[in-house]
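One structure is given here, and the rest of the page talks about it.
This structure is a prediction, so every number in the text was calculated from the model and none was measured. Order of the sequence lines fixes the chain letters, A, B, ..., with proteins taken first and strands second; residue numbering starts at 1 for each chain.
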Number of protein chains: 2
Amino acid sequence: MDTSQLLKGVLDLAVLAVLRNEDGYGYDVLRRLRTGGMDEVGDASVYGTLRRLYRAGYLTSYVVPSDEGPHRKYYGVNEAGRTKLAESEEAWRAFAATLDGILRKGAAA
Amino acid sequence: MDTSQLLKGVLDLAVLAVLRNEDGYGYDVLRRLRTGGMDEVGDASVYGTLRRLYRAGYLTSYVVPSDEGPHRKYYGVNEAGRTKLAESEEAWRAFAATLDGILRKGAAA
DNA sequence: GCGCACTACCGCGCTATGCGTAATAGTGTC
DNA sequence: GACACTATTACGCATAGCGCGGTAGTGCGC
């Protein structure tokens, strides 16, 4: 029941997806993912993913000092990120379809 | 485009699935997966997964000396394996649904 | 005014797992 | 006799999510 392994290679996609229409800061992305059903995703994973995607050139980043609390590091998806998102989404769908096929075939045979 | 990361935590499920109706040996499992669409799965991954599942008590194992070639180590899914398979399959479907939801929500918002 | 909770971020080290590579070994082909 | 295919195993690497702890700011209750 280790949901964590399922996240591998998919968290990138999820993070890009929740950022695609609206910039967000780490803690916010975390909340979006958790509200979206990924209850168990760890904060360190999200921050790490954001930094990784940023380093890879898929995200823009800017810090906004907050009046009420610590500063917030906002991230936004740039063109490269949108391309990556589209690719990852397709790869995910293809992969999901493949696995579904294997699961069904096993059941049928 | 690193499909390999998507496999994480799912290869167990796929292997159990292709073995669920018919015992098979490693190389055969590998072929079943590749024919099923998982072209890029490595042989070492499959053998490793089989050993891991066997150690975890989900598979039975018996060696069959072959007339034409090296011996074959057959694996079969036992009761624990079937339970595991059912659980994993459900976890997978739930997870896939969650991610689909996040992808759709991002697109809609 | 001090501790505590919540927001917000970061770094370190651990672990699981798929993969590359190489080794072993039997059989058939050219 | 070198090579290709089947079949398995072992060693070590890289990726990435996570647990844990630390830093820091704000506000609340006692």
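- To the nearest angstrom, C1' of D/dT15 lies 15 Å from CZ of A/Arg51.
- Closest contact between the side chain of A/Leu7 and the listed nucleotides D/dC18, D/dA16, D/dT8 involves D/dC18.
- Between B/Arg72 and the phosphate of C/dG26, there is no side-chain N or O to OP1/OP2 separation shorter than 4.0 Å.
- Under the 4.0 Å criterion applied to side-chain N and carboxylate O atoms, A/Asp100 and A/Arg104 are not assigned as salt-bridge partners.
- Atom-to-atom, CG of A/Leu13 to P of D/dA16 comes out at 14 Å; the value is rounded to the nearest Å.
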With the criterion being N/O to N/O and under 3.5 Å, what pairs connect the protein with nucleotides 2-4 of chain C, and how long is each?
none

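- Nearer to the 5' terminus of DNA chain D, by closest-nucleotide assignment, is the contact made by B/Tyr75 (compared with the other of A/Val10 and B/Tyr75).
- Each of A/Tyr74, A/Tyr62, A/Tyr75 was compared with A/Tyr25 under the side-chain contact (heavy atoms from CB on, under 4.5 Å) criterion, and only A/Tyr74 meets it.
- Within 4.0 Å (heavy atoms only), A/Leu30 reaches no atom of the nucleic acid at all.
- For the contact set between residues 41-50 of chain B and DNA chain C, defined by any heavy atom under 4.0 Å, the members are B/Val41, B/Gly42, B/Ala44, B/Ser45, B/Thr49.
- A donor-acceptor contact shorter than 3.5 Å is absent between the side chain of B/Asp43 and the backbone of B/Tyr27.
- The 12-atom threshold is not exceeded at OH of A/Tyr54, counting heavy atoms of other residues, nucleotides or ligands nearer than 6.0 Å.
- When atom types are taken as modelled, the side chain of B/Arg82 and the backbone of B/Arg20 share a donor-acceptor pair closer than 3.5 angstrom.
- Across D/dT6, C/dG18, C/dA8, the shortest atom-to-atom separation from the side chain of B/Leu11 is found for C/dG18.
- The side chain of A/Arg52 approaches D/dG17 more closely than any other nucleotide in the set D/dG17, D/dT6, D/dA24.
- Contact annotation for A/Lys8: base contact, defined as any heavy-atom pair under 4.0 Å involving a base atom.
- Distances from the side chain of A/Gln5 to the nucleotides D/dA16, C/dA16, D/dA7 place C/dA16 closest.
- Between the C1' atom of D/dA16 and the CG atom of B/Leu6 lies a distance of 13 Å, rounded to the nearest Å.
- Atom CZ in B/Arg31 sits about 10 Å away from atom C1' in D/dC5, given to the nearest Å.
- Each of C/dC9, D/dA7, D/dA24 was ranked by its minimum atom distance to the side chain of A/His71; first place goes to C/dC9.
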